[in-house]
Amino acid sequence: MDKLRSTVLAAILISVLAGCATREPSPQEIQSKRFEIRPDMAVVYLYRDRLDFSRAPASLMLDRQGLGSTYEGTYYRLELAPGRHRIAGFAGDAGAFEFTAEPGRLYFLKHAVSRFMGFDQSYFFPVSEAQGRNAVLQYEYLGIHDGRLEHGT
């Protein structure tokens, strides 16, 4: 009986330790967390908190083109041409945020998702640089949008 109990405890301990394993950040993620600006572009960090109202991925559009999906505890770095831009939910998700991006500026945008009447709905909140940096430093990098898509008007 003691041998069985020891084996079960060892298995639980191994499982817990495996769950605590950290992943190595990619070179792109390390670079993105330097928060460098571009004099010719606006840089927007779009992040989704770990403590969100929905666990489901949320697909987003940037200027009417697919951006990708966000998940709890993730972020994108968007390098956008100056001008008007629109980030919006996809399909039944009518959440949207429009803004004017200025070159050489750094922006932080929090993305929250909540289930409403059976559909996930996106909400977007501009946040302070301190709050945005703190979140991004803790979260997982999803990628970069480097301005190759046309910007909205």
Side-chain angles (χ1 to χ4, degrees), residues 14-153:
I14 290 170
S15 296
V16 168
L17 291 176
C20 294
T22 59
R23 68 172 180 80
E24 284 293 316
S26 69
Q28 294 85 359
E29 182 170 356
I30 293 168
Q31 177 69 28
S32 76
K33 290 184 178 183
R34 291 185 182 141
F35 303 105
E36 294 173 342
I37 61 169
R38 291 190 46 186
D40 59 331
M41 304 286 265
V43 175
V44 178
Y45 284 87
L46 172 67
Y47 72 91
R48 186 164 161 196
D49 274 334
R50 282 196 179 106
L51 300 174
D52 202 10
F53 298 106
S54 173
R55 296 190 96 106
S59 296
L60 298 178
M61 305 289 287
L62 172 62
D63 300 329
R64 298 187 185 115
Q65 296 184 22
L67 172 63
S69 296
T70 64
Y71 307 85
E72 293 174 300
T74 62
Y75 74 95
Y76 283 101
R77 176 183 162 101
L78 311 174
E79 296 178 358
L80 305 176
R84 294 287 297 165
H85 294 278
R86 183 175 196 266
I87 297 175
F90 181 74
D93 181 348
F97 183 76
E98 294 187 21
F99 62 100
T100 300
E102 297 178 18
R105 295 272 321 263
L106 189 61
Y107 301 90
F108 292 89
L109 189 60
K110 178 181 172 180
H111 177 218
V113 180
S114 181
R115 186 158 288 267
F116 180 72
M117 296 183 65
F119 294 98
D120 284 335
Q121 180 72 37
S122 287
Y123 299 90
F124 301 94
F125 306 95
V127 299
S128 70
E129 186 170 334
Q131 181 180 348
R133 282 178 184 253
N134 185 50
V136 168
L137 287 171
Q138 298 176 52
Y139 294 164
E140 184 178 340
Y141 177 69
L142 289 174
I144 187 170
H145 166 75
D146 60 5
R148 285 182 281 193
L149 298 177
E150 295 178 18
H151 70 282
T153 56

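Values reported hereafter were calculated over all heavy atoms of this structure, with side chains retained and with hydrogens, waters and symmetry mates removed.
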**Prompt:** If every non-hydrogen atom of Gly83 is compared with every non-hydrogen atom of His85, which pair is closest and at what distance?
**Reply:** O-CD2, 3.2 Å
**Request:** Looking only at non-hydrogen atoms, find the nearest pair between Arg48 and Tyr139 and report the distance.
**Result:** O-CE1, 3.6 Å
**Prompt:** Is the backbone of Arg86 close enough, under 3.5 Å, to the side chain of Asp63 for a donor and an acceptor to pair up by distance?
**Reply:** yes
**Request:** Look at the side chain of Tyr76 and the backbone N and O of Val44, then say whether any donor-acceptor pair between them is shorter than 3.5 Å.
**Result:** no
**Item:** Minimum heavy-atom distance between Ser114 and Phe53, given as atom pair plus value
**Value:** CA-CB, 3.8 Å
**Fill in**
Rounded to the nearest 0.5 angstrom, the OG-CD1 distance for Ser32 and Ile144 is 7.5 Å
**Request:** Kindly assign one of parallel, tilted or perpendicular to the pair Phe108 and Tyr45, based on the angle between their ring planes and the thresholds 30° and 60°.
**Result:** parallel
**Request:** State the OH-CD distance between Tyr71 and Glu140, to the nearest 0.5 angstrom.
**Result:** 10.0 Å
**Prompt:** Okay, side chain of Asp49, backbone of Leu51: is any donor-acceptor separation there less than 3.5 Å?
**Reply:** no
**Complete:** When every non-hydrogen atom of Ala81 is compared with those of Ala101, the smallest separation belongs to O-CB, 4.2 Å
**Message:** Do Gln31 and Glu36 have side chains that approach each other closer than 4.5 Å (heavy atoms only, starting at C-beta)?
**Reply:** yes
**Message:** For the CZ atom of Phe90 and the CG atom of Leu60, what is their distance to the nearest 0.5 Å?
**Reply:** 10.5 Å
**Request:** For the residue pair Leu62 and Leu46, establish whether any side-chain heavy-atom pair is separated by less than 4.5 Å.
**Result:** no
**Check: Lys110 side chain, Phe125 main-chain N or O, donor-acceptor pair, under 3.5 Å** = no
**Message:** In the structure I gave you, are the side-chain heavy atoms of Arg105 and Thr100 within less than 4.5 Å of one another anywhere?
**Reply:** no
**Asked** What distance separates Glu72 CD from Ser54 OG, expressed to the nearest 0.5 Å?
**Response** 7.5 Å
**Prompt:** Which distance, rounded to the nearest 0.5 Å, do you find between the CG of Leu109 and the OH of Tyr47?
**Reply:** 8.5 Å
**Request:** Could you walk me through whether Met61 and Asp93 pass the side chain to side chain contact (heavy atoms under 4.5 Å, CB included) test, one step at a time?
**Result:** CA-CA 10 Å; Met61 305 289 287; Asp93 181 348; over 6 Å; no
**Prompt:** Side chains of Ile87 and Phe99: does their closest heavy-atom pair fall under 4.5 Å?
**Reply:** yes
**Prompt:** Atom CD of Glu24 and atom CD1 of Ile30: how far apart are they, to the nearest 0.5 Å?
**Reply:** 7.5 Å
**Message:** Side chains of Phe97 and Pro126, heavy atoms from C-beta outward: is any pair under 4.5 Å?
**Reply:** yes
**Prompt:** Does any N or O in the side chain of Asp52 come within less than 3.5 Å of the main-chain N or O of Val113, such that one atom is a donor and the other an acceptor?
**Reply:** yes
**Asked** How far apart are the closest heavy atoms of Ser122 and His111, and which atoms are they?
**Response** OG-NE2, 2.8 Å
**Asked** Looking at Ser69 and Leu142, what are the two nearest heavy atoms and their distance?
**Response** O-CD1, 3.3 Å
**Prompt:** Is Tyr123 atom OH crowded by more than 12 heavy atoms from other residues, nucleotides or ligands, each under 6.0 Å away?
**Reply:** yes
